[in-house]
Amino acid sequence: MNPRACAITGHRPTRFCFGYNEDHPLCKEIKERLFEQFQMLHDRENVQTFFVGGALGVDMWAGEQLLALKEKSGYENIEIIVAIPFVGHDSKWPEQSQKRLKSLIQKATNCIVVSQEANTASYKKRNYYMVDHADFLVGVFDNAKQMRSGTAQTVNYALRQGKQIILIHPDTADTAYLR
């Protein structure tokens with residue numbers, strides 16, 4: 001089986017009941033589910049490349065979970081691609097968060113800058129780029145809510161593109177499979 005790829009999408013911390021508190025049990029559970037899904041995709045579907053979007057929240061957690069998985073025996077072939085919308089998209093973040101992203105980028109296999117323009121359209125372009133280069137999408141998202149967000153837009157785009165989608169519910173950490 002040829003190596004496959006997975007894109008990851010999800011909400012920023014402000015969309016979660018726990019906000020920026022990563023010590024909250026639900027946040028820890030979501031991170032565990034991400035790790036489990038990445039491991040399963042690698043083992044069962046030969047997913048070796050993972051695209052993360054370089055945003056606060058799910059993107060950062062996913063990148064760090066993938067780095068932890070890559071350290072395990074048998075997972076050294078994992079490639080982590082950080083896709084950022086434009087250079088400086090993190091300029092208004094707290095310094096600690098900027099350092100966290102910089103560390104993720106340094107440890108990743110590659111970092112791709114999707115657009116030279118610093119505007120909201122570049123985020124959509126980044127999200128679509130990741131989906132277009134992936135076979136799977138893992139999203140931390142409540143598909144039942146009719147929410148307008150970049151995550152919803154990305155999930156809906158992946159559905160239209162016929163991608164296999166794994167959703168982790170942001171309020172329960174339950175997992176659902178689409179397609």
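- Note that CD1 of I30 and NE2 of H24 are 9.5 Å apart. Values are rounded to the nearest 0.5 Å.
- Counting heavy atoms from C-beta outward, Y177 and Q164 have side chains that stay 4.5 Å or more apart.
- Atoms CG and CD, from L34 and E64 in turn, are 11.0 Å apart once rounded to the nearest 0.5 Å.
- Taking hydrophobic clusters as Ile, Leu, Val, Met, Phe, Trp and Tyr residues chained together by side-chain heavy-atom distances below 4.5 Å, I168 does not share a cluster with L178.
- Counting only distance, with no hydrogens or angles, the side chain of K31 and the backbone of W61 share no donor-acceptor pair below 3.5 Å.
- The shortest non-hydrogen separation linking A158 to I165 is CB-CD1, 3.8 Å.
- The heavy-atom pair separating D23 from K28 by the smallest distance is O-CE, 3.5 Å.
- Side-chain heavy atoms closer than 4.5 Å link hydrophobic residues (I, L, V, M, F, W, Y) into clusters, and following such links, possibly through other members, connects L69 to V82.
- Between E79 and N110, the closest side-chain pair of non-hydrogen atoms is not below 4.5 Å.
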Problem set entry | side chain to side chain contact (heavy atoms under 4.5 Å, CB included) between R100 and Q96, worked out | CA-CA 6 Å; R100 194 172 175 185; Q96 180 182 350; 5.8 Å; no

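- Atoms NE2 and CG, on H169 and L26 in that order, are 10.0 Å from each other to the nearest 0.5 Å.
- N156 places no side-chain N or O within 3.5 Å of a backbone atom of L159 that could act as its donor or acceptor partner.
- Across all their heavy atoms, P85 and S122 have their closest contact at CB-O, 3.6 Å.
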For this session: For the pair E29 and R33, evaluate salt bridge (charged side-chain N to carboxylate O under 4.0 Å, His left out) and give the outcome as yes or no after the intermediate values.
Result: CA-CA 6 Å; E29 195 169 342; R33 294 294 163 273; 3.2 Å; yes

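- With F50 as the fixed residue, the ring pair (Phe, Tyr, Trp, His ring centres under 6.0 Å) test singles out one of F35, F38, Y75: F38.
- For the pair R15 and T151, the minimum side-chain heavy-atom distance is 4.5 Å or more.
- The closest side-chain heavy-atom distance from L41 to F136 is below 4.5 Å.
- In this structure, the side chains of L137 and T9 come closer than 4.5 Å at one or more pairs of heavy atoms.
- Linking ILVMFWY side-chain heavy atoms closer than 4.5 Å, directly or via other members, places I81 and I105 in two distinct hydrophobic clusters.
- Counting all heavy atoms, side chain and backbone alike, S149 lies closest to A152 at OG-N, 3.0 Å.
- In terms of modelled atom types and a separation under 3.5 Å, the side chain of T154 and the main chain of G150 share a donor-acceptor contact.
- Rounding to the nearest 0.5 Å places CE of M130 at 7.5 Å from CD1 of I8.
- A heavy-atom distance below 4.5 Å is not found between the side chains of F16 and N21.
- Y123 and H89 have perpendicular rings, their planes meeting at more than 60° on a 0 to 90° scale where under 30° would count as parallel.
- A distance of 12.5 Å separates SG of C111 from CD1 of I80, quoted to the nearest 0.5 Å.
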Exercise. Does the pair W93 and L56 meet the rule for a side chain to side chain contact (heavy atoms under 4.5 Å, CB included), with working shown?
Worked result: CA-CA 9 Å; W93 293 5; L56 294 173; 3.7 Å; yes

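- K163 places no side-chain N or O within 3.5 Å of a backbone atom of D135 that could act as its donor or acceptor partner.
- The aromatic rings of F51 and Y129 stand perpendicular to each other, their planes meeting at an angle above 60°, with 30° marking the opposite boundary.
- Hydrophobic clustering keeps V47 apart from I112 (ILVMFWY residues linked when any side-chain heavy atoms are closer than 4.5 Å, directly or through intermediates).
- Between the E22 side chain and the C27 main chain, no donor and acceptor come within less than 3.5 Å of each other.
- Expressed to the nearest 0.5 Å, how far OG1 of T175 lies from CD of Q37 amounts to 5.0 Å.
- For the residue pair R4 and E45, the shortest heavy atom distance occurs at NH1-OE1, 2.8 Å.
- Salt bridge annotation for K99-E95: present, with a cationic side-chain nitrogen under 4.0 angstrom from a carboxylate oxygen.
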For this session: Could you walk me through whether D59 and L104 pass the side chain to side chain contact (heavy atoms under 4.5 Å, CB included) test, one step at a time?
Result: CA-CA 10 Å; D59 290 357; L104 174 61; over 6 Å; no

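- Residues M60 and F18 share a single hydrophobic cluster, defined by chaining ILVMFWY side chains whose heavy atoms lie under 4.5 Å apart.
- Under the 4.5 Å side-chain criterion, counting only non-hydrogen atoms from C-beta, K72 is in contact with Q39.
- Annotation for Q98 and D90: closest pair NE2-O, 3.1 Å, computed over non-hydrogen atoms.
- With a 4.5 Å cut-off on side-chain heavy atoms, V58 and F141 do not count as touching.
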